[in-house]
Protein chains: 2
Amino acid sequence: MDATMDAKQTISALGALAHENRLQLFRLLVQRGPEGLAAGVIAERLGVLPSSLSFHLQQLVHAGLITQKRVSRQIIYAANCDAMGRLMAYLTENCCAEASGACAPADAAWRKLA
Amino acid sequence: MDATMDAKQTISALGALAHENRLQLFRLLVQRGPEGLAAGVIAERLGVLPSSLSFHLQQLVHAGLITQKRVSRQIIYAANCDAMGRLMAYLTENCCAEASGACAPADAAWRKLA
DNA sequence: TAATTATTTCGATAATCGTCGAATTATCGT
DNA sequence: ACGATAATTCGACGATTATCGAAATAATTA
């Protein structure tokens with residue numbers, strides 16, 4: 001159990017989100033909530049070929065940002081909010097000036113959540 | 001003046017951070033604060049060849065995450081905390097479940113800052 | 001079992017990314 | 001002006017990424 005994210009995982013997550021289709025895809029799943037969406041529905045919404053979508057889905061799964069489960073014929077994908085939260089925490093703690101005060105307010109706000 | 005970040009800028013910023021050397025580099029500049037660091041010092045700290053570092057620096061500059069200014073012979077780079085803050089805001093607002101409540105606490109905390 | 005639906009995997013291809021060393025630009029000191 | 005220092009730009013190369021269509025896998029229905 002790793003409650004915190006290391007640099008490698010962070011890079012993996014950032015890379016997974018750093019693509020037009022995948023960012024849109026992740027946003028879609030976040031909007032949708034825990035119920036998730038079937039791959040086919042996602043492909044249609046994004047206007048991407050199924051085989052291409054599969055590629056992008058795997059990137060997000062591998063980065064831990066989304067989960068997959070089979071339900072009869074379909075495979076349902078859902079956003080993993082915990083992973084996203086850990087990513088945000090890493091960025092806040094490591095990339096938002098703890099010592100100097102530039103990003104301190106944001107940092108302080110995040111700390112309150114823990 | 002765009003106080004908010006659109007998807008394209010977000011992808012650019014995410015991609016810029018999604019690399020071992022660049023994430024480390026950005027963290028280094030954030031730690032360093034407004035004073036910034038010269039390219040040569042950064043190259044030495046990261047153990048990267050100057051020409052390779054230049055490549056990575058340009059990615060971060062292009063994404064707006066760092067700034068550069070020439071001071072005599074050296075070029076000083078510094079983290080742009082505003083840009084990082086906008087990236088965090090975009091992610092919080094678009095990738096952290098506004099409607100459904102999964103990531104709502106984090107979202108609420110961020111809203112208070114605005 | 002055979003046909004259908006939902007999705008992934010594979011193979012080929014084009015495009016982008018990252019690294020290196022050599023050449024180039026800019027600035028400073030003498 | 002000349003040599004030294006600091007950094008970037010360029011060109012080549014290998015590695016990774018993204019896309020597409022065809023084939024394969026899994027589950028349902030007739």
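Note on naming: letters A, B, ... go to the chains in the order of the sequence lines (proteins, then strands), and numbering restarts at 1 for each one. Bear in mind that the values here come from a model prediction, so they are computed numbers and not experimental data.
- Taking atom CG of A/Leu46 as the reference point, atom C1' of C/dT7 lies 15 Å away to the nearest angstrom.
- Rounded to an integer number of Å, the gap from A/His19 NE2 to D/dT19 C1' is 9 Å.
- Residue B/Arg22 has its side chain nearest to C/dG18 when only C/dA26, C/dG18, D/dA18 are considered.
- Residue A/Ala38 is classed as a sugar-phosphate contact, given heavy-atom separations below 4.0 Å to backbone atoms only.
- Between B/Ile75 atom CD1 and C/dT27 atom P there is a gap of 9 Å when expressed in whole angstrom units.
- At distances below 3.5 Å, at least one donor-acceptor pair connects side-chain atoms of B/Arg22 with backbone N or O atoms of B/Ala16.
- Side-chain atoms of A/Asn80 do not come within 3.5 Å of backbone N or O of A/Thr67 as any donor-acceptor pair.
- In terms of phosphate contacts, A/Tyr77 brings a side-chain nitrogen or oxygen within less than 4.0 Å of OP1 or OP2 of C/dT8.
- Of the possible donor and acceptor atoms, none in the side chain of B/Glu93 sits under 3.5 Å from a partner among the backbone N and O of B/Tyr90.
- A donor-acceptor pair is defined here as one N or O able to donate and one able to accept, closer than 3.5 Å; no such pair exists between the side chain of A/Ser12 and the backbone of A/Lys8.
- The distance from atom CG of A/Leu17 to atom P of D/dT17 is 15 Å, rounded to the nearest whole Å.
- More than 12 heavy atoms of other residues, nucleotides or ligands lie within 6.0 Å of CD in B/Gln68, so this atom counts as buried by the packing criterion.
- Annotation: side chain of B/Leu37 is not in contact with side chain of B/Tyr77 (no heavy-atom distance under 4.5 Å).
- Of the listed nucleotides (D/dA6, D/dT8, C/dT9), D/dA6 has the atom at the smallest distance from the side chain of B/Gln74.
- Rounding to whole angstrom units, CG of residue B/Leu25 and P of C/dT19 are separated by 12 Å.
- Between A/Ile66 atom CD1 and C/dT7 atom P the separation is 13 Å, expressed in whole Å.
- Along DNA chain D, the nucleotide nearest to A/Ser52 and the one nearest to A/Ser72 differ in position, and the one closer to the 5' end is contacted by A/Ser52.
- When each of B/Phe55 and B/Leu49 is assigned the nucleotide of DNA chain C bearing its nearest heavy atom, the one mapping closer to the 5' terminus is B/Phe55.
- Distances were taken from every side-chain heavy atom of A/Arg73 (C-beta onward) to each of C/dT8, D/dA18, D/dT28; the shortest belongs to D/dT28.
- When each of A/Arg70 and A/Ala18 is assigned the nucleotide of DNA chain D with its nearest heavy atom, A/Ala18 is the one assigned upstream, toward the 5' end.
- Distance CG (B/Asn21) to P (C/dC17): 16 Å, rounded to an integer number of Å.
- The separation between B/Gln59 atom CD and D/dT16 atom C1' is 14 Å, rounded to whole Å.
- The side chain of B/His56 places an N or O atom within less than 4.0 Å of a non-bridging phosphate oxygen (OP1 or OP2) of C/dT19.
- The C1' atoms of five pairs define one axis at each end of the helix from C/dT1-D/dA30 to C/dT30-D/dA1, and these two axes lie 20° apart (to 10°).
- For B/Ser51 and C/dG21, a side-chain-to-base donor-acceptor distance below 3.5 Å is present, hydrogens and geometry of angles not being considered.
- A/Arg70 contributes a side-chain N or O that, together with a main-chain N or O of A/Ser72, makes up a donor-acceptor pair within less than 3.5 Å.
- More than 12 non-hydrogen atoms from other residues, nucleotides or ligands lie less than 6.0 angstrom from CD of A/Gln58.
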